[in-house]
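See below for the structure under consideration.
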Amino acid sequence: MKTFPMFLTMAGRRVVIAGGGEQAAQKCRLILKTQAKITLLATELDPELADLHSQGRIHWDASPITAAHFADTALVFIATGCPGIDAALHAVAKAAGATVNVVDRPDLCDAITPSIVDRDPVVVAIGTEGTAPVLARQIKTRMEELLEPRLGDLAALAGRLRDRAAQRLQPRKRRDLWRWVFNGPVRDIHARSAERDAAQMIKDAIQTGTFGDAGPSPVALVGAGPGAKDLITLRGVQRLQEADIIFYDRLVDPEILELARRDAERVYVGKAPGAHSLPQDKISGLLVAAARQGKRVVRLKCGDPGIFARGAEEADALKAADIPYEIVPGVTAASAASAAMGGFLTERGTCDTLILTTGRSEDEQSSADWVNLLQEGRRVAVYMGVGTADQIESTLSQAGLANRIDVDIVGNAQLPTQKIASCKLGALSQTLQDNAIENPAILFLSHKKTASHLVSVQRGA
Ligand code: SAH
């Protein structure tokens, strides 16, 4: 970050704006949203500014500008509309030690005004360090849609009730309260202008300590996707942000853990292939124990929690302990890998059946019937398959398929270390070796239907 976002305290502080025309008026409108005291330095004011001055909302100083004008300011805007004068005034303001923004001169700015979504006291500031103003506007539009107009009033109401909640409720209960307020019926009711009803609901909830669904919160088995931070679902991010404790796997990228609350506990329960750091029943036991303590638990797994992730065993343990659970799906490695190659998992007419399988089951080599799996028209995505590649290659080659099956290999799909290679089946082991591809990788074996096949069928008929 070349610039760092901060919210400046403005109440009662001085902001000086040099200029009396439209540019100065723009800055003035912005700063009038705050509680700062505005002084305009200009020999003349345009009608809008003159009006603000006559209403007593701004001070006006028409005397010759010196460094003293800029002393003791929170911010200075230089906005005369004349580049030469702006540059000269910038030097004067800097001499006074001010933090300066010069209109249209990012090179002279100590501070850049962001794009703002204003739901005071909720304020979203968006900056791109001048690289992409159009993008900033697009983000602003999205945020404007996302945050209902009355959200600021609800936040202010919550602010007024914070002390009362702190007196009556324990910290975790308080977090649940505010989660319920901002995520549930109260926000809806408030957004529909029923402010008094919303306030009453919050007060009742604080008073009685009961709100929403009082049952234990479900343990969330969340798919983190293949590793890239932006390939987890929005629901997954939401669960991470709600979590008190997160149990995560080896293949979950640390960047994704950053999406969780800073004070959430993070527990590593992953295992490298072949190395048992924590047996599965121990992991299930940890989930049950944490949920029983009333914690909001997230079990974060790479890819999709329903695919080669031992989710069923954890779910069984939770069921046995009478703890509810929820599955949040994720982008599985096969989808991520296929997309990374610019390919498609199924292709109409030539590859209509997709099979997900694994090179390993538990720690034993797979006993999959590869020849049967790879009938024509099928694509098989092999998870954890690098170690079994030799065996797959020799089995299928013996069945005469060495040149019929196309292989695509994607290692570390969607990550900076991604590797992609393609070959015929007969060259699988060699290709893995040449490209130094190791797990995590997906092997795609495709036995496509071809026109030549149709011809041979006709001949045979
Ligand atoms: N639940 C996961 C799979 C876990 S098994 C999912 O749905 O994707 C672990 C295997 O997943 C790895 O051995 C590898 O075959 C595959 N895998 C996970 N992340 C991957 C990635 N980024 N690129 C390629 N393969 C990946």
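Predicted, not measured: the structure shown is a model, and the values here were computed from it. All ligand and atom numbering here is 1-based and tracks the order in the structure.
With respect to Arg261 and Asp244, a salt bridge is recorded, a charged nitrogen being found less than 4.0 Å from a carboxylate O. A salt bridge is defined here as a Lys NZ or Arg NE, NH1 or NH2 lying under 4.0 Å from an Asp or Glu carboxylate O, and Asp176 with Arg179 meets this definition.
The cationic group of Lys301 does not satisfy the cation-pi geometry with Phe308, failing either the under 6.0 Å distance to the six-membered ring centre or the 45° limit from the ring axis.
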Inset, instruction - Could you give me the CA-CA distance, side-chain angles and deciding distance for Lys424 and Glu393, then say whether salt bridge (Lys or Arg N to Asp or Glu O under 4.0 Å) is met? - result: CA-CA 10 Å; Lys424 288 288 179 191; Glu393 181 180 331; over 6 Å; no
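Counted by atom type alone, Asp110 and Thr99 present zero donor-acceptor pairs between their side chains at under 3.5 Å.
The contact shell of ligand 1, taken as protein residues with any non-hydrogen atom closer than 4.0 angstrom, comprises Pro226, Leu251, Cys302, Gly303, Asp304, Ile307, Phe308, Ala309, Thr332, Ala333, Tyr383, Met384, Val410, Asn412, Ala413, Asn439, Pro440, Ala441, Ile442.
With hydrogens and angles disregarded, a donor-acceptor distance shorter than 3.5 Å links the side chain of Thr34 to the backbone of Ile31.
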